[in-house]
**Student:** 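Here it is, the structure, as structure tokens.
Counting starts at 1 for both ligands and their atoms, in listed order.
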Amino acid sequence: MTPDTPPHATPGAVPLDGTRFAGDPAALYRRLRDRHGPVVPVTLTGGRPAWLVIGYREAHHVAGHPEIFARDPGTAGHGGPPSLAALDGDAHERRAGALGDALEATEPLGLRRAAERAADALVDTFCARGRADLTADFAEPLTARVLTGLCGFPDAEAHLVAAALGAPPDEGGEGDEGSTARADLTAAVAALVTRRRATAPPPGSGDGRGPDLVSRLLADPRALTDEEVTRDTTALLTTGHRPTADWIGSTLRLMLTDDRFSAPVSGGRHNAGDALHEVLWDDTPTQNAPGRRATRATQLGGRSIAAGDLLVLGLQGANGDPEIRRAAGADAEAAFWVTGLTGISTAGNRAYLSFGHGTHRCPFPAQEIAETVARTGVEVLLDRLPDIAPDTQGGAPSRRPSPWRRGLAALPVRFQPTAERGAGGR
Ligand code: HEM
């Protein structure tokens, strides 16, 4: 282990660069854990020193104590009201509360139908070809269509928004902001907010069940400004799109390449739910989440953290911590006794940190929405193209080289060409 020193002085700090993370994350995090323990000194882009927290207990502690590990002001973004991710305390509660309520009011059956319709329409665009790239042709546009519909964009505008969302993410890993595509996206959301404001009931006067998410945010009793609604809707689209699309892509890869899932079981396939779940444990879309800064000197996993030190939540690393794996593999009660952590005692084998933890965790209704979109997408695709298999001529599915987000740059597949189903086929 390296001596107990702040990261700027830590020799042997590990560069958090993309290529290192494109391979086998389990092996990488095992090496890091063996060499450095649960809190690893790393350097970010531009040589900025930080601590990568890959111990489950330690990551849980950092995410659960915003008074010691506050959001980094650097995540505030460019101009306008600060993003949800940059706020703490009451200011965060006001905005996150409104967003959580607006997401919560999403009607589950309507969402499932919208996901089915979008998935069927996308399969129609390539089913006669016999080949497709499931990242560009399916996972990304499916997520974009469903999320834009949820926000209230008419179908005719969805493709504009989808193009902006499909733009390569900013590898700073945090905000995905600043590019032209992002500016286009913000402008489109602002225009939608202005249109909806004209018809939305005054804040607090509605029943909280507006027809779409933007209308619900505008009618929320916390009286958000148009700028705040624009900011949070844009953030929801950018934070939600990439991990959901990656979750779908990585799950399909697992189901198409692993015998446990690809072998037909009495005419059908294994439950998509098992594969979705396994991906969250082993190949999670948000590998590492940046943006915490120590508000004071403290101890963490045997390291002395200085006031002002930057920390990165190593979510995939924490998921692979042998201590939690042993506990989660046994049962929920064991997970509680081994880690001593409340909050996971009833979650059982959903104790992964893939959706974060604490006040800045992925809002629960967002997790449910993501799961509905992902599960529906996977099920519709396998139902429509039962003989689908990896297209080996296209090479092995390639990972995007990013230490932040784990997903497939491309997932080439082939199948027996089939007829389009057309609108209303389900
Ligand atoms: C419908 C899709 C989704 C939406 C709308 C959504 C939305 C959000 C929002 C608004 C936040 C910020 C919360 C805050 O700072 O208060 C967040 C955080 C987060 N989301 Fe999601 N999300 C979605 C899907 C996912 C998926 C599929 C994953 C990964 C499996 C994921 C992982 C995370 C993580 C790890 C955080 C916390 C980051 C941190 O603590 O720094 N999200 N999400």
**Student:** Spell out, as yes or no, whether a donor-acceptor pair under 3.5 Å connects the side chain of Arg292 to the backbone of Ala63.
**Tutor:** no
**Student:** Can you list everything that forms a salt bridge (Lys or Arg N to Asp or Glu O under 4.0 Å) with Arg216? Sequence neighbours excluded, please.
**Tutor:**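 By the salt bridge (Lys or Arg N to Asp or Glu O under 4.0 Å) rule, Arg216 matches no residue at all.
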**Student:** Numbering the atoms of ligand 1 from 1, which are under 4.0 Å from a heavy atom of Leu99?
**Tutor:**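 Once the distances to Leu99 are compared, the set is 10 (C).
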**Student:** Closer than 4.0 Å to some heavy atom of Ile369 - which atoms of ligand 1 meet that?
**Tutor:** 1 (C)
**Student:** For ligand 1, which atoms sit closer than 4.0 Å to a heavy atom of Leu280?
**Tutor:** 30 (C)
**Student:** With atom 37 (C) of ligand 1 as the reference point, say which of His360, Gln287, Arg405 has the nearest heavy atom.
**Tutor:**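 Residue with the shortest heavy-atom distance to the ligand atom: His360.
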**Student:** Which of the numbered atoms in ligand 1 are under 4.0 angstrom from any heavy atom belonging to Thr244?
**Tutor:**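 By the 4.0 Å cutoff, the relevant atoms are 2 (C), 24 (C), 27 (C).
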**Student:** Answer side chain, backbone, both or neither: which part of Arg361 comes under 4.0 Å from ligand 1, heavy atoms only.
**Tutor:** backbone
**Student:** Is a side-chain donor or acceptor of Thr135 paired with a backbone partner of Leu408 at a separation under 3.5 angstrom?
**Tutor:** yes
**Student:** Tell me the contacting part of Leu315 for ligand 1: side chain, backbone, both, or neither, using a 4.0 Å heavy-atom threshold, strictly below.
**Tutor:**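 Just the side chain.
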**Student:** Could you check whether Arg361 makes a cation-pi contact with Phe364, meaning its NZ or CZ is under 6.0 Å from the centre of the six-membered ring and within 45° of the ring axis?
**Tutor:**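 Yes.
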**Student:** Look only at interatomic distance and state if Arg71 has a nitrogen or oxygen under 3.5 Å from any nitrogen or oxygen of ligand 1.
**Tutor:** yes
**Student:** Show which atoms of ligand 1 fall inside a sub-4.0 Å distance from at least one heavy-atom site of Leu147.
**Tutor:**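 Ligand 1 atoms under the 4.0 Å threshold to Leu147: 1 (C).
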**Student:** Record the part of Ala235 in heavy-atom contact with ligand 1 below 4.0 Å; permitted values are side chain, backbone, both and neither.
**Tutor:** neither
**Student:** Tell me which part of Ala289 gets within contact of ligand 1: side chain, backbone, both or neither, using heavy atoms under 4.0 Å.
**Tutor:**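 Looking at Ala289 and ligand 1, just side chain atoms fall under 4.0 Å.
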**Student:** What atoms of ligand 1 come within less than 4.0 Å of a heavy atom belonging to Gly356?
**Tutor:** 35 (C)
**Student:** State if Glu371 counts as touching ligand 1 under the rule of any non-hydrogen atom under 4.0 Å.
**Tutor:** no
**Student:** What class does the angle between the rings of His92 and His360 fall in, given that below 30° is parallel, 30 to 60° is tilted and above 60° is perpendicular?
**Tutor:**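 Ring orientation, 0 to 90° scale: tilted.
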**Student:** Just jot down the ligand 1 atoms closer than 4.0 angstrom to any heavy atom of Pro285, in number order.
**Tutor:**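 Numbered from 1, ligand 1 contributes 30 (C).
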**Student:** Test your reading of the model: is there a side-chain donor-acceptor pair from Ser250 to the backbone of Trp247, 3.5 Å cut-off?
**Tutor:** no
**Student:** Is a side-chain N or O of Ser354 found less than 3.5 angstrom from the main chain of Leu280, in a donor-acceptor match?
**Tutor:** yes
**Student:** Got a sec, which residues hit side-chain hydrogen bond (donor to acceptor under 3.5 Å, both in side chains) with Asp133, two or more places apart in sequence or on another chain?
**Tutor:**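 Scan of Asp133 (side-chain hydrogen bond (donor to acceptor under 3.5 Å, both in side chains), adjacent residues dropped) gives none.
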**Student:** Show me which atoms of ligand 1 lie under 4.0 Å from any heavy atom of Ser354.
**Tutor:**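 What qualifies from ligand 1 is 29 (C), 30 (C), 32 (C), 35 (C).
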**Student:** Check if Arg95 has a non-hydrogen atom at a distance under 4.0 Å from any atom of ligand 1.
**Tutor:** no
**Student:** Examine the proximity of ligand 1 to Arg292 and report which part, side chain or backbone, both or neither, has a heavy atom under 4.0 Å away.
**Tutor:**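 Only the side chain of Arg292 comes within reach of ligand 1.
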**Student:** Tell me the contacting part of Leu353 for ligand 1: side chain, backbone, both, or neither, using a 4.0 Å heavy-atom threshold, strictly below.
**Tutor:**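 It is neither; nothing of Leu353 touches ligand 1.
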